[in-house]
2 protein chains.
Amino acid sequence: MPTIHDVAKLAGVSRSTVSRVLNNRPGVHPKTRERVLAAVRELNYAPNFAARALKRQRADAVGLIIPASFREPRSDEPRGYVLTEIIRGAYNFFTEQRLALTLLDDQGTFRFYQALFERRQVDGLLFIDLEPDPHMVERLKGLDVPFVVIGNVDAEDVVCVDVDNYESSRRVVYYLYQMGHRRIAFINGPQRRFASRDRRAGVLAAVTELGLSLPDAYDQPGDFSERSGQKAMWRLLEADPRPTAIYAMNDRMAIGAIRAARDAGLRVPEDISVVGFDDIPVAPYIRPPLTTVRQPLYELGAAAARLLVQRIAGQELPSRRVLLPALLVERESVRSLPTEA
Amino acid sequence: MPTIHDVAKLAGVSRSTVSRVLNNRPGVHPKTRERVLAAVRELNYAPNFAARALKRQRADAVGLIIPASFREPRSDEPRGYVLTEIIRGAYNFFTEQRLALTLLDDQGTFRFYQALFERRQVDGLLFIDLEPDPHMVERLKGLDVPFVVIGNVDAEDVVCVDVDNYESSRRVVYYLYQMGHRRIAFINGPQRRFASRDRRAGVLAAVTELGLSLPDAYDQPGDFSERSGQKAMWRLLEADPRPTAIYAMNDRMAIGAIRAARDAGLRVPEDISVVGFDDIPVAPYIRPPLTTVRQPLYELGAAAARLLVQRIAGQELPSRRVLLPALLVERESVRSLPTEA
DNA sequence: TTGTATGCGTTATCAA
DNA sequence: TTGATAACGCATACAA
């Protein structure tokens with residue numbers, strides 16, 4: 001492959017001139033520029049990536065740190081869809097900015113991320129769902145590596161972008177209320193997850209604002225699995241009075257809940273309404289099609305990418321926490337109830 | 001960040017010695033090696049990626065070329081799932097080999113791929129589903145860039161790995177036959193796709209081997225969309241005699257077909273059986289759960305990655321076409337028929 | 001407006 | 001067993 005030297009020779013100029021033309025530096029005679037460009041085309045020249053990175057001290061690449069679960073075999077989790085949409089959003093933005101996107105998995109070790117950056121293999125890091133380790137984030141802040149987290153993080157001054165779990169949840173309860181429901185129950189996710197806590201907080205806020213209450217019997221734990229949704233529903237069905245609407249923190253639990261209801265001889269939504277969260281691909285296909293909250297996955301990826309690029313450019317970021325609104329997708333799993341006046 | 005020079009100084013040796021230690025070269029005194037390693041640890045040194053690439057003339061990175069459709073917004077297509085599984089397989093293998101994986105989209109221009117390689121940004125290219133352009137592949141072969149294609153390709157001497165569409169399809173027909181079906185119809189995909197052609201060829205082979213036939217009325221075109229499956233089913237239902245089993249080339253068309261059957265007042269599988277292809281995530285969730293063929297997506301990615309690494313290493317490849325077996329997943333959309341003796 | 005010289009951080013060749 | 005030195009290909013400060 002040709003080098004800048006070959007181009008210079010062919011164009012009859014020095015290497016510096018070629019470099020100037022290639023980098024759009026001013027102060028090159030149009031005529032000369034023309035000749036150089038012609039030579040570039042003729043030789044099909046493209047600047048060596050490594051040499052440029054070495055000289056410029058930047059990689060023109062960012063690392064996307066995907067959850068360690070990515071390396072594990074197929075599971076129930078709609079990971080594929082979620083991940084793809086987020087990556088797509090980030091990828092499109094980075095590509096526009098002429099930044100390469102390198103896939104890396106979450107090895108959980110600080111040392112690994114440090115090396116990545118110190119080796120200048122990447123100019124910045126984008127973490128997807130780095131939930132559990134605020135400690136690592138703290139250490140990361142010690143480095144000067146620009147990074148952005150998708151999902152919430154329990155650390156100060158970390159740039160992160162997330163769906164507005166609190167507000168979305170609050171909206172769901174309001175929606176249910178508008179549909180005439182007053183006895184609204186709730187299937188939660190693991191409490192160690194921010195998403196669960198925030199969504200639950202939104203529910204509590206709405207319930208309070210609306211003058212309702214959330215008795216313990218209506219506040220069931222779950223672990224995001226379909227099975228746990230099913231079990232939670234069993235308990236919910238024994239509550240007295242029975243709730244008229246169930247809000248599950250994710251679609252898989254909602255699906256489990258619907259199954260449990262049906263097994264108990266109840267119809268959804270005629271006898272009991274169910275709302276999920278995520279809008280996973282199967283949501284429209286189950287019976288009944290699931291009313292749920294769609295996360296702005298693509299936008300999450302794109303927003304995070306934009307923030308990361310700004311950080312790499314050294315800009316001060318206006319806010320360190322960006323919350324994106326989610327969309328309530330009405331399908332058929334919620335019934336409108338005549339309000340009990 | 002520290003350089004090899006700093007390490008050398010701290011360890012009281014020359015840069016060459018440090019380099020030797022770092023690259024596990026023989027001929028270093030154990031004592032010296034020890035000192036160097038200690039210095040490396042103390043400084044938290046990691047070799048500069050660009051400098052190394054420049055010197056070694058390789059990037060230690062491969063490019064994954066994803067379909068251009070990736071950049072487009074969410075569609076019905078189960079692209080997310082398929083892509084994720086393939087990438088996961090490839091990613092895990094590359095990571096083992098200490099190769100970084102860079103995401104790149106299919107810009108369709110030969111020039112782009114050429115530059116990628118000539119810039120030494122990647123050591124090789126992995127194409128996912130590069131269906132339409134054998135011409136580009138031919139040109140790619142002209143370069144000395146190692147590449148492997150996932151999916152079939154209409155060109156000679158190209159290393160590609162794919163699911164064994166022909167054989168899998170053949171198996172489906174045998175399966176249906178064993179279940180007692182004799183009037184088996186077929187909903188095809190777009191003929192320009194290899195997958196469609198190969199799957200159809202498998203059907204024809206099986207039909208012939210089993211002494212059945214595939215009348216024109218049983219051989220319906222489709223375009224992979226749910227809607228087209230539905231339409232094909234309408235035509236199929238008018239055939240006389242009506243087929244007892246339908247084999248659709250993908251799950252979405254199968255879902256469309258089931259819908260059409262139900263709309264026509266037929267029950268699946270009691271009145272008519274349906275088989276799909278792909279095992280998309282919704283397949284187990286539809287009514288009835290869909291019997292279908294699961295592609296070995298993860299394995300496809302892993303196999304392709306392995307082949308690419310071999311090519312990069314300059315090994316001659318034993319075969320230039322690798323076909324992986326698919327798995328028939330029996331669910332509830334096929335009924336066992338008493339054989340008409 | 002253009003060219004010369006130097007260095008980015010490694011690895012590899014050759015001497016010692 | 002080790003060290004000096006020369007590339008790798010590019011960008012830039014400075015000189016012309």
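When reading the values below, keep in mind they use all heavy atoms of this one structure, side chains included, and skip hydrogens, waters and symmetry mates. Chain identifiers are assigned alphabetically (A, B, ...) following the order of the sequence lines, protein sequences preceding nucleic acid strands; residue numbering begins at 1 within each chain.
Put simply, CZ on B:Arg120 is 9 Å from P on D:dG9, counting in whole angstrom units. Rounding to whole angstrom units, CD1 of residue A:Ile4 and C1' of D:dG9 are separated by 8 Å. What separates NE2 of B:His5 from C1' of D:dG3 is a distance of 13 Å, to the nearest Å.
The shortest non-hydrogen separation linking B:Val159 to B:Leu307 is CG1-CD1, 3.9 Å. Across A:Phe49 and A:Ala59, no two heavy atoms sit closer than the pair CZ-O, 3.5 Å. When all heavy atoms are compared, the tightest approach of A:Ala100 to B:Thr102 is CB-CG2, 4.0 Å. The nearest pair of heavy atoms linking B:Val62 to B:Val122 is C-CG1, 3.9 Å.
Of all nucleotides in DNA chain C having an atom under 4.0 Å from a heavy atom of chain B, the first and last in 5' to 3' order are C:dG9 to C:dA12.
Within the nucleic acid shown, B:Tyr45 comes within 4.0 Å of sugar-phosphate atoms alone, with no base atom in reach, counting heavy atoms only.
Side-chain atoms of A:Asp123 never come within 3.5 Å of backbone atoms of A:Arg58 as a donor-acceptor pair (strictly under, hydrogens ignored). Using modelled atom types, no side-chain atom of A:Ser19 and backbone atom of A:Arg15 make a donor-acceptor pair closer than 3.5 Å.
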Can I get a per-line list of side-chain donor-acceptor pairs under 3.5 Å for residues 30-37 of chain A, giving both atom names and the distance, sequence neighbours left out?
| unit_1 | atom_1 | unit_2 | atom_2 | d |
| --- | --- | --- | --- | --- |
| A:Arg33 | NH2 | A:Arg25 | O | 3.3 |
| A:Arg35 | NE | A:Ala11 | O | 3.0 |
| A:Arg35 | NH2 | A:Ala11 | O | 3.4 |

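Here B:Arg111 pairs with A:Asn44, B:Thr109, B:Gln114, B:Ala115 under the side chain to side chain contact (heavy atoms under 4.5 Å, CB included) rule; sequence neighbours left out.
To the nearest 0.5 angstrom, B:Ile150 atom CD1 is 7.0 Å from B:Leu64 atom CG.
Residues of residues 28-41 of chain A having a heavy atom closer than 4.0 Å to DNA chain D: none are found. Within residues 17-27 of chain A, the residues approached by DNA chain C to less than 4.0 Å at the level of any non-hydrogen atom are A:Thr17, A:Arg20, A:Gly27, in residue-number order.
Relative to the ring axis of A:Phe117, A:Arg120 places its NZ or CZ within 45° and under 6.0 Å from the centre.
Side-chain contact between A:Tyr45 and A:Ile4 is present, with at least one heavy-atom pair separated by less than 4.5 Å. No side-chain heavy atom of A:Phe94 sits less than 4.5 Å from a side-chain heavy atom of A:Gln97. Residues A:Leu22 and A:Val40 meet the side-chain proximity criterion, which asks for heavy atoms closer than 4.5 Å.
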Could you list the protein-to-nucleotides 6-8 of chain D atom pairs, N/O on both sides, closer than 3.5 Å?
| unit_1 | atom_1 | unit_2 | atom_2 | d |
| --- | --- | --- | --- | --- |
| D:dA7 | N3 | B:Lys55 | NZ | 2.8 |
| D:dC8 | O3' | B:Gln57 | NE2 | 3.4 |

